[in-house]
Colleague: 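Take this structure, written in structure tokens, and hold onto it; I'll ask about it next.
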Amino acid sequence: MKTKTFIRLAIIAISFLLLPEFLQAQQLNKKAFELINLDYPGLADVKKAYNQNDMQAAAEALLSYYRNRNCIKHPELDLNNVKVSAADKQKADEALAHILYAHEGYQPSFYYGKDIDWTYWPIKDNELRWQLHRQKWFTPMGKMYYVTRDEKYAAEWAFQYMDWVKKNPLVPVTKEEFELASTGEVRGDTENARFAWRPLEVGTRLEDQTQQFMLFRNAAAFTPEFLTEFLVNYHKHANHILHNYSDAGNHLLFEAQQILYAAIFFPEYKDAATWRKSGIDILVREAGKQVYDDGGQFELDPLYHMASIEIFCKALLMADVNGVRNAFPQDFLDTIEKMIVFYYNICYPDYTNPCFSDAKRRGKEPKLKNYRIWTKLFPENEQIRYFATEGKEGRLPENLSKGFLTSGFFTFRNGWKDDATVMVVKAGPKGEWHNQPDNGTFELWFNGTNLFPDTGFYVYAGDAGIMKLRNWFRQTMVHKTLTLDNKNLETQSSVTRLWKPEGKVQTLVTENQSYKDLKHRRSVFFVDGKYFVIVDEAVGDATGKIGLHYQMNAGKVDINPKELTLTSDYGGNSNAKLQCFAPEGTVLEEEEGWQATLYLVREKRTAVSFDVMKKDDTPVRYITVIYPTEDCGNAPEMSARFVNPQYDENSLKVEVTLDGVKKVLDYKL
């Protein structure tokens with residue numbers, strides 16, 4: 001017995017000498033044992049040592065337990081197949097020099113000092129500072145350590161972990177202060193805590209530290225002393241979320257999923273059952289509240305719709321692999337499946353989604369990864385399987401065009417392959433924070449290219465300069481819709497008057513009381529699966545400049561102010577001719593045009609407005625023909641006119657002529 005004790009002490013002494021000075025100076029945090037249920041299976045040695053007041057032995061036994069624990073599974077980390085990408089290696093290696101990867105939009109990463117300054121804020125973009133505290137480089141450091149067993153990664157991780165704990169105290173912060181968009185309204189420790197301890201960032205750390213724990217737990221730097229500090233800090237994180245949940249939206253979903261991760265991954269905590277119940281209850285409740293009956297998420301943003309699906313699925317998978325799937329009711333799964341059906345119906349053949357609101361246009365691989373996860377959760381859904389396997393298995397949806405009337409998303413589609421023509425129209429209720437005032441806007445894909453991409457969002461929130469950039473992209477006038485005096489919409493509450501997705505002429509009629517005295521009715525006809533006719537009618541007592549705005553893709557676009565036409569010449573086999581048939585006196589005005597598909601990534605593009613003065617209560621009415629074509633040189637000659645000369649609340653009839661062939665488009669409500 002004495003020999004074993006001597007060997008154990010010798011190993012500890014040798015390991016101690018190899019550790020950096022800061023780790024050698026660590027003290028056991030006895031509070032950790034008050035937070036753990038010492039009667040949990042496997043902790044008998046910990047309890048025995050604790051009851052004998054041998055805290056060192058208790059901590060060593062607890063570390064031994066966690067190093068050998070294999071009953072808890074992680075759905076996103078297979079320790080038998082840890083892979084390190086080039087990006088992971090770069091983040092990890094740069095972190096050794098305190099060049100910390102905070103945000104994808106700010107590359108190369110910033111240097112935060114030899115003595116890390118967690119308050120350093122080189123650009124007053126809130127996201128840059130918030131995301132610093134998500135510690136995105138920690139997991140890459142863990143992967144590098146696990147693959148190489150190079151202790152420098154573990155030692156630096158442990159140092160930075162404790163440095164963060166020491167320099168970022170949790171002080172009282174109100175919910176309003178956590179979400180301030182502008183800068184400089186709070187100072188000192190409160191300013192720092194509103195970034196370091198916002199529940200969304202706390203939850204991200206909670207989730208990510210489950211992987212870091214598994215990757216680093218066998219490192220020499222992961223000492224018994226460090227373990228006790230880790231457990232105390234982790235518990236503080238979970239309880240902070242428990243008492244400071246966001247009020248609504250995707251933040252609340254993230255936080256609920258992340259506290260569920262904490263509860264399942266660390267069932268040894270006395271509070272684990274409370275965390276687990278809280279997370280599940282919120283997720284189930286919010287799935288019913290945040291998801292409309294047609295499957296659309298109430299922020300009306302494709303990116304956050306996708307994120308909400310991912311959140312729900314993560315929670316399910318964590319529960320699945322640890323045997324607690326039955327905690328979720330069937331209608332929770334049914335809601336997720338409806339959300340997936342919604343999502344693939346508004347996407348393009350290359351798997352990208354529209355960039356409405358604050359959505360980004362990510363590549364194909366992340367989407368395929370999601371579909372593969374979804375098909376495991378919904379193995380009987382042949383459409384999900386089709387997208388997961390890129391058409392090798394499963395089958396295409398039976399529908400082409402599809403409308404989601406509650407959410408206000410409508411897709412006109414003549415096929416599912418790359419050569420398809422697809423228009424997605426957004427005209428729904430007022431969304432949450434990420435939504436933009438853009439009712440009636442659309443995107444149009446043809447033959448492999450998005451010809452009319454949305455303006456996007458570019459940046460989130462920060463100082464006056466950042467907010468100026470964000471607010472430019474949020475203007476109604478930079479979306480494909482109608483404005484009064486270029487002002488933002490006063491009301492977002494579109495009503496679907498007609499949706500007819502079948503036949504040779506498919507029709508959508510939607511209207512929005514855009515301003516107090518001006519209603520905008522937009523009627524969209526998809527004709528013969530080839531081209532679109534859009535009728536815009538501005539109705540009401542309001543007077544002022546009516547502007548009908550269109551923005552095309554980046555590239556060469558010829559503008560003919562006399563004929564009110566736009567014709568693209570992109571050099572490939574995907575182009576479009578747009579011609580507007582407008583009231584007498586309409587002037588085609590070129591406008592500033594940008595499109596952003598990723599954070600802080602934008603490019604110039606053609607943007608115009610068809611402007612006319614509304615002098616009295618007479619409605620202003622436009623007809624726009626959009627003809628996708630491989631080559632605009634072969635586009636038809638166009639003309640269009642209203643057959644019913646006056647606005648009619650209950651009907652519409654227009655005549656469109658292409659190369660001498662007339663077609664009447666009409667509806668009655």
Side-chain angles (χ1 to χ4, degrees), residues 354-358 423 425-427 436-444 450-459 465 467-490 492 512 514-515 518 520 522 532 534-538 542-570 575-597 601-614 620-626 632:
C355 279
F356 299 142
S357 300
D358 283 347
M423 175 185 279
V425 181
K426 178 176 179 281
Q436 295 182 0
D438 59 0
N439 290 44
T441 195
F442 65 88
E443 288 192 349
L444 173 57
N450 193 328
L451 293 171
F452 289 81
D454 191 76
T455 302
F457 75 102
Y458 192 60
V459 72
M467 291 307 298
K468 183 178 180 181
L469 288 170
R470 175 168 177 78
N471 290 334
W472 188 93
F473 281 81
R474 292 182 62 81
Q475 298 175 93
T476 302
M477 65 176 286
V478 303
H479 295 88
K480 291 170 284 295
T481 190
L482 181 144
T483 62
L484 173 65
D485 293 328
N486 284 345
K487 295 183 296 187
N488 286 344
L489 300 182
E490 296 173 356
Q492 296 177 73
N512 185 62
S514 300
Y515 306 93
L518 191 76
H520 173 210
R522 169 160 279 184
F532 296 88
I534 302 176
V535 179
D536 290 285
E537 298 171 289
T543 59
K545 184 177 73 173
I546 302 298
L548 179 61
H549 306 270
Y550 287 103
Q551 309 87 30
M552 296 187 70
N553 200 2
K556 184 180 179 181
V557 177
D558 295 318
I559 301 173
N560 186 328
K562 183 178 179 180
E563 299 293 333
L564 302 184
T565 62
L566 306 177
T567 52
S568 71
D569 184 9
Y570 295 137
N575 287 282
K577 177 181 178 181
L578 179 153
Q579 187 164 5
C580 187
F581 302 91
E584 185 177 351
T586 296
V587 177
L588 188 161
E589 298 280 0
E590 289 193 57
E591 300 183 310
E592 183 179 4
W594 293 96
Q595 63 192 45
T597 54
V601 176
R602 64 178 179 173
E603 57 184 337
K604 278 189 170 293
R605 45 94 165 263
T606 296
V608 302
S609 180
F610 299 98
D611 296 338
V612 68
M613 293 303 298
K614 186 174 184 296
V620 171
R621 309 165 78 202
Y622 302 84
I623 303 172
T624 306
V625 180
I626 301 178
C632 283

Colleague: First locate atom NE2 of H479, then atom CZ of F473, and finally report the distance between them rounded to the nearest 0.5 Å.
Modeller: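 Separation between the atoms: 9.5 Å.
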
Colleague: Can you tell me how far apart CG (N512) and OG1 (T481) are? Round to the nearest 0.5 Å.
Modeller: 8.0 Å

Colleague: Roughly how far apart are W472 CH2 and M477 CE, rounded to 0.5 Å?
Modeller: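 Here the rounded value is 8.0 Å.
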
Colleague: What's the shortest heavy-atom distance between A542 and L518, and which atoms?
Modeller: CB-CB, 4.0 Å

Colleague: Check whether any side-chain heavy atom of H520 lies under 4.5 Å from a side-chain heavy atom of L489, and answer yes or no.
Modeller: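 Side chain of H520 against side chain of L489, heavy atoms only: no contact under 4.5 Å found.
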
Colleague: Taking atom types as modelled and ignoring hydrogens, do the side chains of R605 and T455 form a donor-acceptor contact shorter than 3.5 angstrom?
Modeller: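 Their side chains do contain a donor-acceptor pair, which is all the 3.5 Å distance test asks for.
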
Colleague: Within a strict 4.5 Å, meaning less than it, do heavy atoms of the Y550 and I534 side chains meet?
Modeller: yes

Colleague: Any sub-3.5 Å donor-acceptor pair from Y515's side-chain atoms to L484's backbone N or O?
Modeller: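 Yes; judged by distance alone, with no hydrogens or angles, the pair exists.
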
Colleague: Measure across C632 and S568 and return the closest heavy-atom pair with its distance rounded to 0.1 Å.
Modeller: SG-O, 3.3 Å

Colleague: Find out whether V620 and L482 are in side-chain contact, i.e. whether some heavy atom of one side chain is under 4.5 Å from a heavy atom of the other.
Modeller: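 No, their side chains stay 4.5 Å or more apart.
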
Colleague: Just grab all the salt bridge (Lys or Arg N to Asp or Glu O under 4.0 Å) pairs involving residues 477-487, residues at least two apart or on different chains.
Modeller: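 Pairs touching residues 477-487 that pass the test: none.
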
Colleague: Can you check whether V459's main-chain N or O pairs, donor with acceptor, with R470's side chain at less than 3.5 Å?
Modeller: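 Side chain of R470 to backbone of V459: a pair is present.
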
Colleague: In Å, rounded to the nearest 0.5 Å, how long is the span from SG of C355 to CG of D454?
Modeller: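 Here the interatomic distance stands at 7.0 Å.
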
Colleague: Where do A576 and M552 come nearest, in terms of heavy atoms and distance?
Modeller: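 Reported closest heavy-atom pair: O-CE, 4.0 Å.
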
Colleague: Looking only at atom types and distance, does a side-chain atom of Q551 sit under 3.5 Å from a main-chain N or O of G593, one as donor and one as acceptor?
Modeller: no

Colleague: Check whether any side-chain heavy atom of T567 lies under 4.5 Å from a side-chain heavy atom of N575, and answer yes or no.
Modeller: no

Colleague: I'd like to know whether V625 forms a side-chain contact (heavy atoms from CB on, under 4.5 Å) with F581, so could you lay out the CA-CA distance, the side-chain angles of the two residues, the decisive distance to 0.1 Å, and finally the verdict.
Modeller: CA-CA 8 Å; V625 180; F581 302 91; 3.9 Å; yes

Colleague: Taking NZ in K604 as the centre, count heavy atoms belonging to other residues, nucleotides or ligands within less than 6.0 Å. Is the count above 12?
Modeller: yes

Colleague: Can you confirm whether H549 sits close enough to N486 that some side-chain heavy atom of one is under 4.5 Å from a side-chain heavy atom of the other?
Modeller: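 Counting from C-beta outward, H549 and N486 do come under 4.5 Å.
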
Colleague: Verify, without hydrogens or angle tests, whether Y570 (side chain) and N553 (backbone) share a donor-acceptor contact under 3.5 angstrom.
Modeller: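 Yes, Y570 side chain to N553 backbone: donor-acceptor pair under 3.5 Å.
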
Colleague: To the nearest 0.5 Å, what is the distance between CG on L588 and NZ on K562?
Modeller: 14.0 Å

Colleague: Rounded to the nearest 0.5 Å, how far apart are CD of Q436 and OG1 of T441?
Modeller: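 Those atoms lie 9.0 Å apart.
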
Colleague: Taking salt bridge (Lys or Arg N to Asp or Glu O under 4.0 Å) as the criterion, tell me which of R474, K426, R522 meets it with D438.
Modeller: K426

Colleague: Under 3.5 Å, side chain of R602 to main-chain N/O of W594, donor-acceptor pair present?
Modeller: no

Colleague: Please say which of M613, E589, K614 ends up in a side-chain contact (heavy atoms from CB on, under 4.5 Å) with K545.
Modeller: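 Among M613, E589, K614, the one that satisfies the side-chain contact (heavy atoms from CB on, under 4.5 Å) with K545 is M613.
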
Colleague: Identify the heavy atoms of L548 and D611 that sit nearest to each other, and give their distance.
Modeller: N-OD1, 4.5 Å

Colleague: Taking atom types as modelled, is there a side-chain donor on T586 or Y622 under 3.5 Å from an acceptor on the other?
Modeller: no

Colleague: Any heavy-atom pair between the side chains of M423 and F452 that's under 4.5 Å?
Modeller: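 Heavy-atom side-chain distance check fails, nothing below 4.5 Å.
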
Colleague: Is it true that a side-chain atom of N439 and a backbone atom of A427 form a donor plus acceptor pair closer than 3.5 Å?
Modeller: no

